[in-house]
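Following: one structure in structure tokens, then a few remarks.
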Amino acid sequence: MHEDIAERLAWVAVDWGSSQLRAWGLDERGEVLARGGSDKGMLALTQVEYEPALLEAIGEWLPPSGHVPVWICGMAGARQGWCEAAYLPLPARLDQLARGAVAPAVGDPRLNVCLLPGLCQYADGAQRSFDVMRGEETQLAGLVAREPGFSGLACLPGTHAKWVWLEAGTVVRFATCLTGELYGLLAGQSVLRHSVADAALDEPGCREAFTDAVREAASAPGRFSQQLFGLRAADLLDDSLPHGQARRARLGARLSGLTIGLELSALTDELPSDAAVTLIGNATLCDRYALALSALGRSSRHLDGETAVLAGIELAGLELAATGMGPAHPTGETP
């Protein structure tokens, strides 16, 4: 099996996060041959441990000789990572990310590694505030690779959700919301941990609890703290709620709706009424954001996160080849 992958392997894409890395081996047509990964994210590694961690994830795919392009986005290019790929300031064209790529020193002669940069935003006293992203820009590049010249609003839900405004394939502004982390802290480390549980929204009553909470938080964000404690009080006093785990699931859905609704409250005036928000990421979380947007009368569409990151890394690889910074791209054509 591994011998077949090695014979057909043309390039490797890696998304290196803070807590894990994901890797894909692809052939000359851009078809995925193999997937790999580990929990060796940036927070678990020192600078000298990156190459061994990479080889642990992809080493079995590599041929015995030759050079394999390995294009990496995410936290490997952070200041505390493998080698810093400095942030590119806005406005930033997403088809030119490779202009900020760097090549770390490697010991294995088969590896031809390039680390892609993130993006940064400086405060301008108007709509922009200080902000950074690293990894999400590559998913956005994947959107532009699929839809050249894209203009519109994109959202990348996650621990730190990103809202990004694009004009003709260029990032002109973005905002980061700590929603996922806030939900985790409230559900796991506050008094609410006694009352809530994570649950799928298709469980009885959870969908309605979620959408009602989205509308409440979006319309009255100043009451957010009060609404939070209301979850604990409801657990103690509300006889209309189901018992046991179903009760905790219902309240967990409401907590999720309150946090996402609070996030959306700051964007109400900027959510397009005549165009869909493009949601990029895993289906489960994007479906939840789509439901929240729908509750506020806004439409959305979904681009799979893996599809986006692979298309974005491939687009950067094309530019690396065109500028002479990297090896020739195997397909030689735009994805």
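- With hydrophobic clusters built from ILVMFWY side chains whose heavy atoms lie under 4.5 angstrom apart, L315 does not share a cluster with L88.
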For a side chain to side chain contact (heavy atoms under 4.5 Å, CB included) check, start with the C-alpha distance between V214 and L296, then their side-chain angles and the critical distance, and finish with the verdict. CA-CA 8 Å; V214 168; L296 300 181; 4.2 Å; yes
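- One distance of note links CG of L231 with CG of L255; it measures 6.0 Å at 0.5 Å rounding.
- Residue E306 places its CD atom among more than 12 non-hydrogen atoms of other residues, nucleotides or ligands, all under 6.0 Å distant.
- When side chains are defined from C-beta on, P272 counts as touching V277, because their heavy atoms get closer than 4.5 Å.
- Residue L115 comes nearest to A85 through the heavy atom pair O-CB, 3.8 Å, listed as atom of the first residue, atom of the second, then distance.
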Just do the side-chain hydrogen bond (donor to acceptor under 3.5 Å, both in side chains) check on T170 and R93 with the steps written out, would you? CA-CA 4 Å; T170 296; R93 282 184 52 172; 5.0 Å; no
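- Heavy-atom neighbours of E167 CD from other residues, nucleotides or ligands within 6.0 Å: at or below the threshold of 12.
- No side-chain heavy atom of W163 sits under 4.5 Å from any side-chain heavy atom of F174.
- The hydrophobic cluster containing V14 also contains V106, counting ILVMFWY residues as joined when their side-chain heavy atoms lie under 4.5 angstrom apart, directly or transitively.
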Test T138 against L116 for side chain to side chain contact (heavy atoms under 4.5 Å, CB included), laying out the working first. CA-CA 8 Å; T138 307; L116 299 178; 4.2 Å; yes
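- Put simply, the side chain of Q121 gets close to the backbone of S129: a donor and an acceptor are under 3.5 Å apart.
- We find that R301 and E147 are joined by a salt bridge, their nearest charged nitrogen and carboxylate oxygen being less than 4.0 Å apart.
- Scored by the side-chain hydrogen bond (donor to acceptor under 3.5 Å, both in side chains) test, R134 finds no partners at all (sequence neighbours excluded).
- No chain of hydrophobic side-chain contacts below 4.5 Å, direct or via other Ile, Leu, Val, Met, Phe, Trp or Tyr residues, connects L166 to L153.
- Cation-pi contact between R288 and F210: present, with separation from the ring centre below 6.0 Å and deviation from the ring axis of at most 45°.
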Report the C-alpha distance between L251 and L241 in whole Å, list the side-chain angles of each, state the deciding distance to 0.1 Å, and finish with yes or no for side chain to side chain contact (heavy atoms under 4.5 Å, CB included). CA-CA 9 Å; L251 292 170; L241 290 171; 4.0 Å; yes
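- Taken from CG in D235 to CZ in R247, the straight-line distance is 5.0 Å, to the nearest 0.5 Å.
- Counting only distance, with no hydrogens or angles, the side chain of S151 and the backbone of A168 share a donor-acceptor pair below 3.5 Å.
- Nearest heavy-atom pair across E51 and A105 is OE1-O, 4.4 Å.
- Of all the heavy atoms in A98 and A316, the pair that sits closest is CB-O, 3.5 Å.
- Between the CZ atom in R254 and the CG atom in D212 there is a gap of 7.5 Å [rounded to 0.5 Å].
- Cluster annotation: W165 is not connected to L119 through the hydrophobic network of ILVMFWY side chains, with a link wherever side-chain heavy atoms come within less than 4.5 Å.
- Between L303 and T307 there is a side-chain heavy-atom pair separated by less than 4.5 Å.
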Verify salt bridge (Lys or Arg N to Asp or Glu O under 4.0 Å) between R250 and E208, making sure each step is shown before the conclusion. CA-CA 9 Å; R250 186 84 58 86; E208 294 76 12; over 6 Å; no
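- The closest side-chain heavy-atom distance from E263 to Y289 is below 4.5 Å.
- The same ILVMFWY cluster, assembled from side-chain heavy atoms under 4.5 Å apart, contains both L293 and I260.
- Crowding of R207 atom CZ: a count of heavy atoms from other residues, nucleotides or ligands under 6.0 Å not exceeding 12.
- Residues satisfying the ring-ring contact (aromatic ring centres under 6.0 Å, His included) test with Y50, not counting sequence neighbours, are W16, W82.
- Side-chain contact between L94 and V171 is present, with at least one heavy-atom pair separated by less than 4.5 Å.
- Between R298 and T268 the shortest heavy-atom distance is NH2-O, 3.5 Å.
- What you find for L258 and A217 is that their closest heavy atoms are O-CB, 3.4 Å.
- Between L97 and E137 the shortest side-chain heavy-atom distance falls below 4.5 Å.
- Scanning both residues, L182 and T259, for their nearest heavy atoms gives CD2-CG2, 4.4 Å.
- When side chains are defined from C-beta on, T211 counts as touching R215, because their heavy atoms get closer than 4.5 Å.
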Sequence neighbours left out, cut at 3.5 Å: what donor-acceptor pairs do the side chains of residues 36-43 make with other protein atoms?
from: S38; atom 1: OG; to: K40; atom 2: N; distance (Å): 3.1
from: K40; atom 1: NZ; to: E56; atom 2: OE1; distance (Å): 2.7

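- Note that NE2 of H160 is 11.0 Å distant from CG of D131, once rounded to the nearest 0.5 Å.
- Interatomic distance, L285 CG to S256 OG, rounded to the nearest 0.5 Å: 8.0 Å.
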Side chain to side chain contact (heavy atoms under 4.5 Å, CB included) between H67 and R110: does it pass, once the steps are laid out? CA-CA 4 Å; H67 301 282; R110 297 172 297 174; over 6 Å; no
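- Atom NE2 of H243 sits in a sparse spot, with 12 or fewer heavy atoms from other residues, nucleotides or ligands closer than 6.0 Å.
- Interatomic distance, D287 CG to D202 CG, rounded to the nearest 0.5 Å: 10.5 Å.
- Between the R193 side chain and the G188 main chain, no donor and acceptor come within less than 3.5 Å of each other.
- When side chains are defined from C-beta on, W71 counts as touching L320, because their heavy atoms get closer than 4.5 Å.
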